[in-house]
Amino acid sequence: MRWISQVDVKSDLQEDLVREGLTAREGSTAEDLEQLNELMRVRRAKLAKLRESGIDPFGERFERTHLIADVLENFESLESQEDGKVVIAGRLVAMRGHGKATFADVLDVSGRIQIYAKIDVLGEDSYRLFSDLDIGDIIGVRGKVFKTRRGEITIAVEEFKLLTKSLRPLPEKWHGLKDVDLRYRQRYLDLIVNPGVRKVFIQRTKIIRAIREFLDARGFLEVETSAMHPIAGGAAARPFITHHNALDIDLYLRIAIELYLKRLIVGGFEKVYEIGRVFRNEGISTRHNPEFTMLELYQAYADYTDMMKLCEDMIYHVSVTTLGTTKVPFRNFGLADGAPRDDSAPAGAAAVAPGDAPGGTLGRTFGLGVGPAQGPGAPGAGLGGDEPGGAGSERVIDLTPPWPRITMVEAVKGALGVDFNEIRDDAEARDVVRGLGIEVAGDARWGNCLFALYEERVEPALIQPTFVVDYPVDVSPLAKKKKDDPRLTYRFELIIGGREIANAFSELNDPLDQRERFLQQLAQREAGDEEAHMMDEDFLTALEYGMPPTGGLGIGVDRLVMLLTDSSSIRDVILFPTMRPR
RNA sequence: GGGCCAUUAGCUCAGUAGGUAGAGCACCGGACUUUUAAUCCGGGUGUCCGGGGUUCGAAUCCCCGAUGGCUCACCA
């Protein structure tokens with residue numbers, strides 16, 4: 001291009017030049033150019049200049065000798081070697097020019113390091129190219145490590161290579177990207193400029209890996225069942241519907257994994273698990289994303305007590321291997337502030353006094369907070385607000401097993417003084433619950449009432465890990481009934497931080513009983529409950545062939561990650577949360 | 001879906017008796033060879049979320065809409 005040859009490399013960047021360069025080189029239309037702001041125009045101009053001088057702004061593979069973290073860790077030995085040159089690559093995230101020398105910071109997956117370029121080392125041309133780099137550019141650097149006067153480990157640049165030109169300015173270096181909307185929509189920016197975010201997602205991966213290690217070591221077989229179901233079963237939720245053209249049938253995205261894993265137990269796999277995405281067509285909140293990750297596992301010849309032990313051991317294993325401790329700060333989790341993670345103020349687990357020792361008595365467990373939570377205005381005021389320390393106070397959750405176990409009836413009685421064992425019929429149960437200000441349907445049964453009361457008034461106050469056992473059959477259509485009380489099932493949920501973390505039961509393997517439960521659910525469906533279970537004849541057929549007595553456990557992986565990373569929103573632990581398109 | 005709040009430069013944010021938009025960072029030009037939120041000098045780069053309305057005049061007041069946050073409902 002003639003015009004570029006007329007340009008003195010040192011001359012100012014002329015806007016009209018940029019326009020020409022863009023139309024000629026990038027194929028952009030004039031309309032596109034109007035969209036570009038000054039900052040982007042400048043970068044496009046630099047891009048054109050680079051191309052003109054024979055430099056590929058979007059380069060090729062690059063051989064590194066070290067990750068940045070390796071350089072930092074091995075500084076002593078690298079510095080002492082006469083020819084201890086390192087080659088690193090990464091994104092330029094800061095530049096501090098000093099005339100004939102320039103400091104810059106480079107970020108790779110492992111960390112961040114300072115580099116130092118001097119004109120008398122690089123030569124004039126090369127140094128000018130270096131000075132023309134922009135924050136956001138991706139470069140490779142070769143040089144010797146040293147320490148500056150201020151003691152910062154630095155690479156003295158001997159050679160560098162532009163690997164990718166960045167055409168847009170990054171968010172501000174000090175405040176980072178705070179706009180939560182942009183953080184989720186442009187997660188890549190969030191990851192570049194908010195260092196705590198990357199840590200959370202690395203932690204998430206470690207947590208899931210630890211779960212796999214734990215289960216694999218115990219002989220569980222990881223399987224993958226289908227995610228498109230002809231019948232959406234295994235949970236009470238509205239499904240997403242999709243359509244298969246060739247078969248001309250509607251299919252549901254799965255709302256649970258349960259019924260297919262149980263089919264596998266029928267088929268003779270005795271220990272199976274799946275970690276996978278499930279989909280529920282429901283609202284979005286700090287605790288809910290339409291697609292989320294479930295762990296479900298099933299073990300033949302076991303029951304819910306085995307699941308309790310397994311659950312305890314697994315979460316203990318996960319916390320110790322990923323956090324190195326069983327004491328997790330309870331600050332954001334449960335406090336809905338939605339603020340981005342502040343990496344400069346890491347959760348100071350060490351600084352937090354363990355207010356409550358683990359394994360407290362039932363009385364103590366329920367003693368805290370339940371009182372204030374009872375006021376008609378208090379429910380839903382936020383979990384933190386239920387605590388004696390008040391909203392936002394730092395607390396510690398201790399995951400050291402064993403964890404207290406309490407029946408739901410006891411829990412409600414202990415917290416509210418209402419003894420459901422004394423309540424004999426559904427109408428009385430409805431009256432009692434309504435008397436406490438909780439709405440229940442006109443046909444709500446004893447178990448629905450017990451559950452509603454528990455969920456509304458008791459569960460939010462269960463901060464330390466607690467197994468709540470013996471769920472009512474009315475809300476547990478897939479769990480085995482208790483022999484000594486058919487109104488209840490062999491089911492528990494694990495509550496931590498006022499939230500359900502796990503749900504488990506002795507699986508119902510009586511096909512006749514299961515059919516009854518489905519029919520009961522169908523009746524609720526008829527009555528307008530869109531979330532009631534559907535009849536699954538094929539599943540019943542499987543049960544009729546015989547499923548061994550089985551214990552099953554489900555864990556909401558995202559919520560477990562929230563707990564272990566002290567995250568206040570599920571969107572902070574899901575890389576690309578569901579958003580309305582712009 | 002309901003309620004409350006927010007939306008101003010690339011980013012983080014100021015901006016009321018309604019008078020034609022501002023700071024820091026980033027960016028551009030200049031100085032500067034161990035700085036580190038580098039510093040110093042000069043430069044404001046904008047669809048004030050969108051659309052109506054009131055007004056001589058709207059970022060500001062009113063209405064409608066969009067998106068997001070929190071919250072309620074539902075769930076895990």
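Values reported hereafter were calculated over all heavy atoms of this structure, with side chains retained and with hydrogens, waters and symmetry mates removed. These figures come from a predicted structure and were not determined experimentally. Letters A, B, ... are given to chains in the order of the sequence lines, protein chains preceding strands, and every chain is numbered from 1.
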Worksheet item: In whole angstrom, what separates Glu459(A)'s CD from C74(B)'s C1'?
Response: 14 Å
Practice prompt. Look at the side chain of Asp179(A) and decide which nucleotide, out of C28(B), U12(B), U67(B), has an atom nearest to it.
Written response: U12(B)
Worksheet item: Between U34(B) atom P and Glu79(A) atom CD, what is the distance in whole Å?
Response: 18 Å
Worksheet entry | Polar side-chain atom of Ser110(A) near backbone of Ala69(A) as donor-acceptor pair, under 3.5 Å | yes
Fill in: Under-4.0 Å salt bridge between Lys85(A) and Glu159(A)
no
Discussion item. Need one value for Asn281(A): base, sugar-phosphate or nothing, where a base atom within 4.0 Å counts as base even if backbone is also close, heavy atoms only.
Written reply: nothing
Practice prompt. Go through the N and O atoms of the side chain of Asp120(A) and the base of U33(B), and report whether any donor-acceptor pair is under 3.5 Å.
Written response: yes
Discussion item. Check this for me, if you would: do Arg525(A) and Glu530(A) make a salt bridge, where the nitrogen-to-carboxylate-oxygen distance has to be below 4.0 angstrom?
Written reply: no
Fill in: Proximity of Phe492(A) and Phe467(A) rings by center, below 6.0 Å
yes
Worksheet entry | First of Ala502(A) and Phe103(A) reached from the 5' end of RNA chain B, by closest nucleotide | Phe103(A)
Worksheet entry | Any-strand Watson-Crick or G-U partner of A38(B), both distances under 3.5 Å | none
Discussion item. Could you tell me how far apart Ile570(A) (CD1) and C70(B) (C1') are, to the nearest whole angstrom?
Written reply: 17 Å
Produce the list of close N/O pairs, under 3.5 Å, pairing protein atoms with atoms of nucleotides 24-26 of chain B; give distances to one decimal.
residue: C25(B); atom: O3'; partner: Lys173(A); partner atom: NZ; Å: 3.4
residue: C25(B); atom: O2'; partner: Glu172(A); partner atom: OE2; Å: 3.4
residue: A26(B); atom: OP1; partner: Lys173(A); partner atom: NZ; Å: 3.0

Discussion item. Is Arg149(A) close enough to U35(B) that one of its side-chain N or O atoms is under 4.0 Å from OP1 or OP2 there?
Written reply: yes
Worksheet item: Nearest-Å distance, CG (Leu167(A)) to C1' (G10(B))?
Response: 14 Å
Practice prompt. State the pairing partner of U7(B); accept Watson-Crick or G-U wobble contacts with both distances under 3.5 Å, and report none otherwise.
Written response: A66(B)
Worksheet item: Should Arg41(A) be listed as having a side-chain N or O under 4.0 Å from OP1 or OP2 of C28(B)?
Response: no
Discussion item. Could you check whether the side chain of Thr148(A) and the base of U36(B) have a donor-acceptor pair of N or O atoms closer than 3.5 Å, going by distance alone?
Written reply: yes
Discussion item. Tell me if a side-chain donor or acceptor on Asp474(A) pairs with a main-chain N or O of Arg445(A) at a distance below 3.5 Å.
Written reply: no
Discussion item. Regarding Gly176(A), tell me which of base, sugar-phosphate or nothing describes its non-hydrogen contacts under 4.0 Å with the strands shown.
Written reply: sugar-phosphate
Worksheet item: Base, sugar-phosphate, or nothing for Gly556(A), non-hydrogen atoms under 4.0 angstrom?
Response: nothing
Worksheet item: How many angstroms lie between atom CD1 of Ile495(A) and atom CD1 of Ile501(A), to the nearest 0.5 angstrom?
Response: 8.0 Å
Worksheet item: Can you find a side chain N or O atom of Arg150(A) that sits less than 4.0 Å from OP1 or OP2 on U34(B)?
Response: no
Response to the item:
Whole-Å distance, Asp190(A) CG to G68(B) P, equals 17 Å
Worksheet item: Any side-chain N or O of Arg96(A) less than 4.0 Å from the OP1 or OP2 oxygen of U35(B)?
Response: no
Worksheet item: Rounded to the nearest Å, what distance is computed from the CD atom of residue Gln186(A) to the C1' atom of nucleotide U67(B)?
Response: 14 Å
Discussion item. Without decimals, in angstroms, what is the distance between Met40(A) CE and G46(B) P?
Written reply: 11 Å
Worksheet item: Does C61(B) pair with anything, Watson-Crick or G-U wobble, both distances under 3.5 Å, and if so, with which nucleotide?
Response: G53(B)
Discussion item. Checking base pairs now: Watson-Crick or wobble, both atom distances under 3.5 Å. What partners U45(B)?
Written reply: A26(B)
Practice prompt. Just name whichever nucleotide pairs with C32(B), Watson-Crick or G-U, keeping both distances under 3.5 Å, else none.
Written response: none
Worksheet item: Looking at residues at least two apart in the chain, or sitting in another chain, which of them share a salt bridge (Lys or Arg N to Asp or Glu O under 4.0 Å) with Glu124(A)?
Response: Arg128(A)
Response to the item:
By nearest-heavy-atom nucleotide on RNA chain B, the more 5' of Gly97(A) and Asn503(A) is Gly97(A)
Discussion item. Within the 4.0 Å heavy-atom criterion, would you say Glu152(A) contacts the bases, only the backbone, or no part of the nucleic acid?
Written reply: base
Item to complete: For Lys178(A) and U7(B), give me the distance from atom NZ to atom C1', rounded to whole Å.
Response: 16 Å
Worksheet item: Are the side chain of Asn194(A) and the backbone N or O of Gly196(A) linked by a donor-acceptor pair below 3.5 Å?
Response: no
Item to complete: List in chain and number order the residues that pass salt bridge (Lys or Arg N to Asp or Glu O under 4.0 Å) with Glu282(A), two or more places apart in sequence or in another chain; answer none if no residue qualifies.
Response: none
